[in-house]
Amino acid sequence: MLYTSTRGGDTADFSTAVLAGLARDGGLFMPQTIPDVSACLPAWRTLPYQQLAEEIMRLYADLPPADLRRLVQNACAAFPHPEITPMRTIGELRLLELFHGPTLAFKDLALQFLGGLFEYLLERNGGRLNILAATSGDTGSAAIHGVKGRAGLRIFVLYPHGRISPAQELQMTTVPDDNVHTMALQGTFDDCQQIVKTLLSDLPFRDRHSLGAVNSINWARILAQIVYYFYAAFRAMDETGCAGVRFAVPTGNFGDIFAGYMAWRMGLPIRRLILATNENAILARFFQTGVYERGPVRATISPSMDIQVASNFERYLYCRLAGDTTQLRSLMRTFAQTGRLQLPAGPGGVVDPLFCPGSADTAATLAAIRACHDRHGYLLDPHTAAGVHVARQFLHPEEPMICLATAHPAKFREAVRQALGRDLARHPALDGLDRRPARRNVRPAEAGAVREYIERHT
Ligand SMILES: *Cc1c(COP(=O)(O)O)cnc(C)c1O
């Protein structure tokens with residue numbers, strides 16, 4: 001499979017696209033074709049997670065089959081649950097638990113795979129890679145746990161100072177490995193992400209320091225996330241006898257839900273994608289009105305969704321414009337200059353009938369945590385709770401609703417305590433982290449300061 005940049009100026013094979021992260025023209029890599037797997041669905045339906053992952057990934061990744069198998073198995077070995085992503089029925093919803101990995105958020109599913117994949121590709125071509133990552137909290141820790149101690153890799157993680165949860169910060173700053181660097185920048189997540197883009201777009205700097213990316217701009221992350229949409233849809237259809245499903249996805253950078261969109265494009269019978277945001281509702285507004293307009297970032301109790309500029313949205317635009325890179329470049333230029341872009345509504349006056357947008361403010365999120373705990377004795381983290389809140393507005397009797405449970409509640413203890421008045425959310429992986437030595441490295445949110453730090457440490 002070959003990959004093309006959404007901006008039309010770069011083409012790469014799978015390995016190059018993965019090692020580069022961002023295309024050289026500033027765009028995101030997209031596969032040149034999206035395979036239609038409708039005919040494979042009956043045979044795939046009963047496969048265990050690992051085998052299903054292999055079947056899906058080999059369509060996109062040109063790797064020797066035995067190597068791909070080993071990479072998938074090693075990534076899955078970081079998940080102690082036999083089903084990797086188990087699903088629970090909670091009232092009229094299904095909760096797909098994506099948090100059984102080492103840092104208790106769904107990002108482990110992609111980053112355990114990507115860490116191994118990087119190491120493998122570098123071993124093959126004898127190179128080194130310095131990974132640059134911006135995080136709203138969960139990507140950073142998952143990326144660190146995916147690459148710590150691996151040969152040929154070093155990682156620099158930028159996160160917004162004071163805007164992530166204490167557990168999230170400790171999961172990053174207590175990792176002692178020499179190949180791990182963290183920087184708490186005095187700004188927002190969007191500032192961090194912009195600095196990553198600026199440094200990766202500076203091609204001489206990027207080449208000199210062999211910089212790569214693990215944000216969901218990296219195609220391999222989307223790829224790894226496509227798998228659980230298939231796995232969960234098969235389970236839900238088997239359990240109910242229904243012919244199609246709905247997914248509710250708490251959304252920030254549009255990465256996770258874009259993987260769902262890809263699964264739909266490949267032929268999985270996803271009838272609706274429920275897009276849930278918090279108060280930072282730029283994406284929900286877009287799918288309601290066709291206008292994509294950035295505003296100030298608001299800090300909320302679901303910090304991993306405190307994002308205004310969603311990188312992967314560009315991939316969606318590219319699909320919507322049927323690969324018209326000239327038009328896409330012009331839209332992105334307008335957005336960079338004015339903070340606004342507009343897409344004409346399609347037939348029926350809606351932007352895209354597949355997407356059901358909605359948002360949950362703090363009160364609604366806390367109420368969803370409370371209601372779920374009171375009725376079912378099940379704890380939701382605040383991101384999952386935002387998804388559950390919006391999902392309830394789009395239930396359908398013939399189409400089971402699968403809500404992605406993106407983090408374990410113990411990662412966001414404070415929000416759970418606020419909802420229930422009691423500190424119930426605990427996990428052994430987090431207990432005791434605050435007694436470990438932490439390395440916190442606070443810096444101004446300036447590309448120059450980050451550039452200089454990287455120069456000194458590579
Ligand atoms: C990252 C994250 C999200 C948002 O995912 P995107 O791919 O950025 O849309 C939602 N919930 C949790 C817990 C996260 O860590």
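Atoms within each ligand, like the ligands themselves, are counted from 1 in listed order.
Close contacts of ligand 1 with G255, meaning ligand atoms under 4.0 Å from a residue heavy atom, involve 6 (P), 7 (O), 9 (O). Every atom of ligand 1 with a heavy atom of A407 under 4.0 Å away is listed here by number and element: 13 (C). Numbered from 1 in the order shown, with element, the atoms of ligand 1 that lie under 4.0 Å from a heavy atom of D138 read 12 (C), 13 (C), 14 (C), 15 (O).
Side-chain atoms of T6 and E314 include a donor-acceptor pair closer than 3.5 Å.
Closest protein heavy atom to atom 11 (N) of ligand 1: T406 OG1, 2.9 Å. Scanning all protein heavy atoms for the shortest distance to atom 9 (O) of ligand 1 gives G252 N, 2.8 Å. In terms of protein heavy-atom proximity, atom 10 (C) of ligand 1 is nearest to P250 O, 3.7 Å. The closest protein non-hydrogen atom to atom 7 (O) of ligand 1 is D256 N, 2.9 Å.
Contact annotation: for F106 versus ligand 1, heavy atoms closer than 4.0 Å belong to the side chain alone. Within the 4.0 Å heavy-atom criterion, the part of K107 lying near ligand 1 is the side chain and not the backbone.
For N253, a nitrogen or oxygen atom sits less than 3.5 Å from a nitrogen or oxygen atom of ligand 1, counting backbone and side chain alike.
In this structure, the side chains of L117 and F14 come closer than 4.5 Å at one or more pairs of heavy atoms. Side-chain contact between R221 and T139 is present, with at least one heavy-atom pair separated by less than 4.5 Å. Looking at E55 and L47, their side chains come closer than 4.5 Å, going by heavy atoms from C-beta outward.
Close to ligand 1: T251, with a non-hydrogen atom less than 4.0 angstrom away.
Heavy atoms only, all atoms of each residue included: T182 and T173 are closest at OG1-CG2, 4.0 Å. A pairwise comparison of heavy atoms in D138 and K411 identifies OD1-NZ, 2.8 Å as the closest pair.
Of the charged side-chain nitrogens involved, at least one lies within less than 4.0 Å of a carboxylate oxygen, so that D431 and R426 count as a salt-bridged pair.
Taking a 6.0 Å sphere around CZ of R340, one finds it holds more than 12 heavy atoms contributed by other residues, nucleotides or ligands.
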